[in-house]
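Start at 1 with the first residue, then count along the sequence.
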Amino acid sequence: ESAPSVEGLLRAVQDGDPVRVSYNLDGGVDVNEPIDKAGHTVMDVFDSQHAAFHAEVAQGGDKYGNRAHEEDRLREVLNTLRSHGAKKRSELKKRDQANSSEPASARRGVVHVIQVVVD
């Protein structure tokens with residue numbers, strides 16, 4: 001296995017591989033690191049793939065073989081991403097906009113609390 005990286009995390013999400021997703025996240029990869037110039041995250045990719053999976057299933061396709069197994073894998077990937085604080089680009093933009101509308105003193109207070117929890 002290669003060293004943890006954003007690219008490795010992206011491939012793991014695309015492959016629906018919860019073990020590799022955990023490997024990359026536990027290895028220190030930022031779950032909300034942009035994967036393209038538009039600022040999309042792996043959560044955006046996951047959402048697209050999950051929607052495609054359900055569309056295929058709804059149309060009666062069998063591209064995924066054992067549907068229950070695939071759904072379990074996707075659920076495990078989603079839970080792992082969420083446990084590491086994964087957000088979609090739109091959620092990050094809303095958070096950033098909300099933070100920029102707060103007074104600087106309030107933003108410093110939030111950062112301080114987060115630093116205390118992390119340290």
Side-chain angles (χ1 to χ4, degrees):
E1 180 91 16
S2 60
S5 66
V6 173
E7 294 80 13
L9 176 60
L10 174 59
R11 283 191 303 275
V13 169
Q14 290 169 329
D15 294 344
D17 187 335
V19 172
R20 287 181 20 234
V21 168
S22 291
Y23 169 79
N24 283 280
L25 292 173
D26 293 344
V29 174
D30 179 355
V31 71
N32 292 316
E33 180 76 23
I35 59 166
D36 61 21
K37 290 181 181 181
H40 293 103
T41 68
V42 292
M43 195 65 179
D44 293 302
V45 172
F46 177 85
D47 277 355
S48 295
Q49 286 193 240
H50 200 233
F53 168 76
H54 283 289
E56 175 76 18
V57 169
Q59 293 175 1
D62 63 358
K63 173 181 172 182
Y64 294 98
N66 184 339
R67 188 171 72 205
H69 175 71
E70 185 65 20
E71 187 64 38
D72 288 344
R73 282 172 26 127
L74 291 173
R75 189 175 301 110
E76 191 174 347
V77 167
L78 176 61
N79 290 338
T80 301
L81 292 172
R82 283 185 175 161
S83 74
H84 282 82
K87 305 279 187 221
K88 293 186 283 186
R89 179 183 72 148
S90 59
E91 294 170 315
L92 292 172
K93 285 178 73 172
K94 285 179 190 174
R95 181 190 68 191
D96 291 344
Q97 288 171 347
N99 285 343
S100 67
S101 65
E102 295 175 354
S105 60
R107 287 195 305 274
R108 279 195 302 276
V110 169
V111 170
H112 178 71
V113 169
I114 292 171
Q115 288 173 342
V116 169
V117 171
V118 171
D119 292 342

* Listed by chain and number, what are the salt bridge (Lys or Arg N to Asp or Glu O under 4.0 Å) partners of Asp15, not counting sequence neighbours? -> Arg20
* Do the side chain of Ser83 and the main chain of Thr80 share a donor and acceptor less than 3.5 angstrom apart? -> yes
Could you tabulate the donor-acceptor pairs under 3.5 Å formed by side-chain atoms of residues 38-46, not counting sequence neighbours?
unit_1	atom_1	unit_2	atom_2	d
His40	ND1	Asp36	OD1	3.3
His40	ND1	Asp36	OD2	2.8
Thr41	OG1	Met43	N	3.2
Thr41	OG1	Asp44	OD2	3.4
Thr41	OG1	Lys87	O	2.6
Asp44	OD1	Arg89	N	3.4
Asp44	OD2	Thr41	N	2.8
Asp44	OD2	Arg89	N	3.0

* With a 4.5 Å limit on heavy-atom distance, are the side chains of Leu78 and His50 in contact? -> no
* Structure fact -> So CG of Asn24 and CG of Leu10: to nearest 0.5 Å the spacing works out to 10.0 Å
* For residues Pro4 and Gly27, report the shortest heavy-atom separation together with the two atoms involved. => CG-CA, 3.7 Å
* Structure fact -> The side-chain contact (heavy atoms from CB on, under 4.5 Å) partners of Asp72 (sequence neighbours excluded) come to Arg75
* Asked: Does a side-chain heavy-atom distance below 4.5 Å link Val6 with Asp30?
  -> no
* Which heavy-atom pair separates Tyr23 from Ser2 by the least distance, and what is that distance? -> OH-O, 2.8 Å
* **Minimum heavy-atom distance between His84 and Val31, given as atom pair plus value** => O-CG1, 3.2 Å
* Ion pair check, Arg73 and Glu76, cut-off under 4.0 Å -> no
